[in-house]
Amino acid sequence: MDKLRIQGGNQINGTIAISGAKNAALPLMACSILSQHPLHLSNIPDLADITSTIHLLENLGVTCTYANSSSSALPPLRSLCLNAGSLLSSTAPYELVRKMRASILVLGPLLARTGEAVISLPGGCAIGMRPVDLHIKGLEAMGATIYLDNGYIHASAPQGLQGADYTFPIVSVTGTENLLMAATLAKGRTRLLNAACEPEVSDVAHCLQAMGAHIEGIGTNTLTIQGVDALSGATHSIIPDRIETGTYAVAAAITKGRVILTHTQFDFLMSFFSHLKDIGVRVEEIPEGILIDATNATLRGTHITTTHYPGFPTDLQAQVMALLCVSEGTSVITETIFENRFMHVSELIRMGAHIIPQGSTCTIEGVSQLHGAEVMATDLRASVALVLGALCAEGTSTINRIYHLDRGYERLEEKLRACGAVIERIS
Ligand code: UD1
């Protein structure tokens, strides 16, 4: 299993181009199932989760071809054509679904297009229970018959789905995306209330509109979808990855460096940037991108509560915790989205951090210096938090089980090394 070895203490300085958003790319790829015509997606990030989704879609009969290369094995491949002209199967088996929870995103589109879907219950990050009951209840509200058997979700709607009103009892990102995709081909009007309004959900809605779907309320908590008989193909460029953007902003901040983040969008991260400024980091939108400057900064502790967009993203909680470990004074982080998302805490403590977890809250007493250690990556964002800790730590750190990082960060070592990090992958 690959490891990362990081020699800490170097400032992260330079320019980093941000890749396409993983969490938009995955549902956008699932959108291809809804149409007989090709969907062209550009700004596709080169990630293990994208490869897993390609395998899943190919198994269903979707042809996936990278546009700017004849071989799907050679990076960088930025543009993907997905053609679901003739679907072969409505079954997503365990061996393909288990690697990635987002595989559940094929449920709604498959059911809407073919009238049936058999999907293994998903695996993915070990950050909590993460049930899919809301996806199921929403589709049932649209007339689907669904039962669970032997670890599989069996869904059918032989006469097609019916438009319905569905109110999410908890805001769910992929739940909203699944029902949104399904509703585009349902008969009549669907209203999704208390829907997620993350930029990735809006990106999916915009792509579906380009495919001919009728959707109102994009970017709000109420999405109204008027079903159509069929969708066309489309060409769509994936939005930048706001979590990758935030991660590299923390990399600069934690090493007292200065970076310009390009090919990204400032307004996706208003809450995060506002907290970064409170911590003492200079954050500015400039013509080339976003400037993050922590040279000469005195980092100060703060209080953060994760919540839904446009609030502070749970997917940046671990990274900012690493930063608060070396910020003066007492900080408090409260995690409200997932019940088990503090697995990085014990590893940061191994690096010398002072953190007291209690239920959904962590109290962090800033220390002047973290120290290199051998640590274990446990999930995607926890893994990158350890990389960030190691970048500023005194001495060498070894991070084990980094396959999580490859799921969500395109060319992480290369991007950091180009900005001065001493980081190497050991096979
Ligand atoms: C998505 C993101 C993930 C991010 C999360 C929250 C993708 C591929 N992943 O995950 O990176 O951390 O949003 O911003 O986009 N819940 C239920 N029942 C359900 C669905 C969700 O109880 O059927 C609960 C979850 O356990 C969690 C909360 O709702 O506590 C929010 O989860 P959700 O928004 O669905 O997360 P994902 O869509 O899985």
Side-chain angles (χ1 to χ4, degrees), residues 20 22-41 44-67 69-75 77 79-125 130 132 135-136 139 144 146-158 161 174 177-178 181-182 184-185 204 207-208 211 231 233-234 236 238 403 406-408:
K22 169 180 89 73
N23 285 354
L26 303 179
L28 284 165
M29 290 167 76
C31 286
S32 67
I33 295 171
L34 291 163
S35 172
Q36 288 190 330
H37 305 282
L39 176 62
H40 297 268
L41 297 175
I44 283 267
D46 184 14
L47 300 171
D49 272 9
I50 299 294
T51 310
S52 299
T53 307
I54 289 175
H55 291 156
L56 179 67
L57 292 174
E58 283 179 340
N59 194 259
L60 299 172
V62 182
T63 311
C64 306
T65 8
Y66 281 108
S69 167
S70 55
S71 158
S72 60
L74 297 170
L77 300 163
S79 194
L80 189 61
C81 174
L82 302 127
N83 190 338
S86 50
L87 287 174
L88 302 174
S89 162
S90 291
T91 301
Y94 174 72
E95 61 270 24
L96 294 175
V97 171
R98 72 181 169 85
K99 290 184 184 164
M100 198 183 51
R101 180 186 155 81
S103 308
I104 190 69
L105 286 164
V106 301
L107 173 62
L110 266 183
L111 189 57
R113 170 92 181 272
T114 69
E116 64 168 338
V118 180
I119 315 286
S120 171
L121 283 164
C125 280
R130 302 189 82 176
V132 290
H135 302 238
I136 292 172
L139 290 169
I146 302 183
Y147 66 93
L148 301 183
D149 183 41
N150 220 3
Y152 277 78
I153 303 166
H154 294 253
S156 65
L161 294 167
T174 49
E177 291 162 348
N178 229 337
M181 289 187 281
T184 59
L185 292 181
V204 170
C207 177
L208 290 168
M211 293 168 74
L231 293 176
H236 181 83
I238 298 168
Y403 57 84
D406 298 328
R407 289 187 42 220

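Between the side chain of Thr51 and the backbone N or O of Leu47 there is at least one donor-acceptor pair closer than 3.5 Å. Not a single donor-acceptor pair under 3.5 Å links the side chain of Arg407 to the backbone N or O of Ala48.
Among residues two or more places apart in sequence or in another chain, the ring pair (Phe, Tyr, Trp, His ring centres under 6.0 Å) test is passed with His55 by none.
Using a 4.5 Å cut-off on side-chain heavy atoms (C-beta onward), Gln36 and Arg113 make contact. Contact of the Thr174 side chain with the Pro27 side chain is not registered, since no non-hydrogen atoms from C-beta on lie closer than 4.5 Å. Within the 4.5 Å cutoff, no side-chain heavy atoms of His154 are placed close to those of Leu148. Between Ile136 and Tyr147 the shortest side-chain heavy-atom distance does not fall below 4.5 Å. Within the 4.5 Å cutoff, side-chain heavy atoms of Leu41 are placed close to those of Ile238. Considering only heavy atoms from C-beta on, Arg98 stays 4.5 Å or farther from Ser120 through its side chain.
Among the candidates Met100, Met29, Lys99, the single residue satisfying the side chain to side chain contact (heavy atoms under 4.5 Å, CB included) test with Asp49 is Met100.
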Report all side-chain donor-acceptor pairs from residues 80-95 shorter than 3.5 Å, counting only partners two or more places apart or in another chain.
| unit_1 | atom_1 | unit_2 | atom_2 | d |
| --- | --- | --- | --- | --- |
| Asn83 | OD1 | Gly85 | N | 2.8 |
| Ser89 | OG | Thr91 | N | 2.9 |
| Ser90 | OG | Thr114 | OG1 | 3.2 |
| Ser90 | OG | Glu116 | O | 3.4 |

**OP:** Let me see the working for Met181 and Leu105 under side chain to side chain contact (heavy atoms under 4.5 Å, CB included), right down to the final yes or no.
**Re:** CA-CA 9 Å; Met181 289 187 281; Leu105 286 164; 3.9 Å; yes
